[in-house]
Each structure stands twice: as C-alpha cells, then as structure tokens.
Amino acid sequence: YLFKNMNLKTLNPLFYFDLENTTQHPDISCLSKKELNMLAERMERTNKITTNDPDYSAKLEKFYRDTAPVLPEYGKIICMSYGIVKADNIIINSFIETEEGEEALITMIHKAFNKIEGKFTLCGWNIKAYDIPWLIKKFIKYGLNVPKILNFANKKPWEIEVLDLKELWKFNSYFDCTFDECCYML
C-alpha cells in the first residue's frame, strides 16, 4: 500500500536507527534570556498560559522538562542506537555523547550516515517525522552538510526509500499507535 513503488524484496540491507534526547540544560536557570523568552512564548502559545498565572514559573520549568527533549531547538541528542540487518546477520551498536558534548556526537553520527550512503535503506519508528528532522537540524546547527541519504529535497514521497515503521503500520488509517502497541499486537 504505502510503499507500492518500493520493491521490498530488492531493498538494500536495513539501517534501523533511533535517537535518544534530553534537555539542552539541567533546568531553565541555565537558559539564556533569549532562549527563556522563546520558550515562554512557545508555552503561552501552546498552553494558553499567561504571565499572570500564579504558578507561571513552575509551569514554565515543567514545560521545559517535558517539551525540550522533543524539540531540537531546546534539546540535545545523547545517543543514537542503530542496527544493521543484512540477511541473517544483525549488528547492533550505539553512538553515545561523551564529555566532548553533543557536537562531537553529531559529527560521529554524520560520518556514519555518509558512510552508509547507497548501501542501506533507512528504517525506524516515526523517523520521517521525528528522528530525521532532528538530525538534519543538528547537522545544520553544527555546520555539517545534510548527507545524501537524508536529503529529501526535491524528491517525491514515493522516491524516498525510507521504511518508517509507524507509517507502514498505520496502513493509511487516520489512527496510529505507539511502538509498544505495535509490538504487543505482533
């Protein structure tokens, strides 16, 4: 259905990956004034909270803890785990942030994506809507080019060879499910 133009039997081996993210800073006291103002504007816009709210500061702190890990503008990648699936051979590994920080991690991840170009089909859960945009934004932040395998500019949806398992499992339904729900069903 969803991948009708993609011949699943002739796909390259799969490169399954997943990102783990956290807040960029331990709490909002570490944010610059500009970051704090942008975060407050986002919270007010999405949660309809105003500065007149008596619990504004506590709500802003909670909003940061809950929201920053899913927004590349306020969060950071701390780990990318991946699995390579070739016929009966499976390799599992991770890139983990070290004391060198996120930029060093992003550079390692960038090298990995350049290395697999043309050899693998990307695969993962919700990677088109989440993991890939995160990576692209981080590559841009650190002055790295977008690897060809992740560059979908000027491509039609059916030309993008990515197996997004969340998209596949929806079967064009309006409703989707969590990764846990999908695994439970299988």
Side-chain angles (χ1 to χ4, degrees), residues 15-83 92-113 122-144 146-147 150 152 162-170 173-185:
F15 184 86
Y16 183 95
F17 74 98
D18 184 47
L19 300 177
E20 298 303 326
N21 312 314
T22 189
T23 58
Q24 188 73 34
H25 304 286
D27 56 54
I28 61 172
S29 69
C30 299
L31 296 175
S32 70
K33 185 172 182 159
K34 177 69 174 169
E35 288 172 317
L36 191 59
N37 287 338
M38 290 186 304
L39 182 69
E41 286 173 13
R42 179 181 282 270
M43 181 182 77
E44 291 167 16
R45 189 174 61 247
T46 57
N47 292 348
K48 310 292 188 251
I49 295 172
T50 66
T51 52
N52 298 334
D53 189 309
D55 298 325
Y56 185 82
S57 293
K59 287 181 179 176
L60 185 60
E61 181 69 49
K62 182 178 180 343
F63 183 75
Y64 178 70
R65 280 192 321 272
D66 294 347
T67 308
V70 297
L71 299 172
E73 295 78 9
Y74 300 98
K76 68 178 181 174
I77 297 172
I78 56 171
C79 176
M80 183 185 93
S81 296
Y82 66 92
I92 298 172
N93 205 345
S94 295
F95 294 111
I96 301 170
E97 183 185 31
T98 65
E99 64 277 350
E100 295 176 27
E102 184 188 47
E103 186 171 2
L105 174 63
I106 296 302
T107 301
M108 286 190 301
I109 292 170
H110 185 263
K111 287 177 184 174
F113 277 99
L122 299 179
C123 182
W125 185 265
N126 201 28
I127 60 173
K128 283 185 181 177
Y130 188 78
D131 302 79
I132 292 172
W134 253 86
L135 285 172
I136 291 171
K137 289 178 181 183
K138 292 299 182 172
F139 293 153
I140 292 168
K141 176 181 179 179
Y142 295 115
L144 302 168
V146 177
L150 296 173
F152 307 137
V162 172
L163 283 177
D164 190 317
L165 299 175
K166 182 175 182 179
E167 219 175 64
L168 186 61
W169 187 250
K170 274 180 78 166
S173 169
Y174 174 77
F175 302 102
D176 61 7
C177 67
T178 66
F179 184 68
D180 288 341
E181 291 168 331
C182 178
C183 291
Y184 178 77
M185 177 78 173

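A quick note: this is a predicted structure, and the numbers were derived from the prediction, not measured.
Of all heavy-atom pairs between Leu36 and Leu60, the closest is CD1-CD2, 3.8 Å. Contact between Gly75 and Glu102 at its shortest, heavy atoms only, is O-OE2, 4.3 Å.
Within the 4.5 Å cutoff, side-chain heavy atoms of Asn126 are placed close to those of Tyr130. Counting heavy atoms from C-beta outward, Leu105 and Thr98 have side chains that stay 4.5 Å or more apart. With contacts defined as side-chain heavy-atom distances shorter than 4.5 Å, the pair Leu163/Leu122 does not qualify. Under the 4.5 Å side-chain criterion, counting only non-hydrogen atoms from C-beta, Ser94 is not in contact with Met80. Looking only at side-chain heavy atoms (C-beta outward), Ile28 and Arg65 stay at 4.5 Å or farther from each other. Residues Glu73 and Gln24 form no side-chain contact, since every pair of their non-hydrogen atoms from C-beta on lies 4.5 Å or further apart. Annotation: side chain of Thr23 is not in contact with side chain of Pro26 (no heavy-atom distance under 4.5 Å). Asn21 places none of its side-chain heavy atoms less than 4.5 Å from the side chain of Ile78.
Interatomic distance, CD1 of Ile127 versus CG of Asp18, reported as 9.5 Å (0.5 Å rounding). Remark: Ile136 CD1 to Asp131 CG distance equals 11.0 Å, nearest 0.5 Å. Rounding to the nearest 0.5 Å gives a distance of 5.0 Å between CZ of Phe15 and CZ of Phe113. With rounding to the nearest 0.5 Å, the separation of OG in Ser81 from CD in Glu20 is 6.5 Å. Taken from CE in Met38 to OG in Ser32, the straight-line distance is 6.5 Å, to the nearest 0.5 Å. The CD atom of Glu97 sits 10.0 Å away from atom CD1 of Ile109, with the distance rounded to the nearest 0.5 Å.
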### Query
Is there a side-chain contact (heavy atoms from CB on, under 4.5 Å) between Leu144 and Lys138 once you walk through the steps?
CA-CA 8 Å; Leu144 302 168; Lys138 292 299 182 172; over 6 Å; no
### Query
What do the steps show when you test Arg42 against Leu71 for side-chain contact (heavy atoms from CB on, under 4.5 Å), and what is the final call?
CA-CA 11 Å; Arg42 179 181 282 270; Leu71 299 172; 3.6 Å; yes
#### Entry: Derivation and outcome, side-chain contact (heavy atoms from CB on, under 4.5 Å), residues Leu165 and Cys123
CA-CA 7 Å; Leu165 299 175; Cys123 182; 4.0 Å; yes
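Applying the ring-ring contact (aromatic ring centres under 6.0 Å, His included) criterion to Phe95, with sequence neighbours excluded, gives Tyr82.
For residues 19-76, no residue pair satisfies the ring pair (Phe, Tyr, Trp, His ring centres under 6.0 Å) rule, not counting sequence neighbours.
The environment of Lys141 atom NZ is dense: over 12 non-hydrogen atoms of other residues, nucleotides or ligands sit within 6.0 angstrom.
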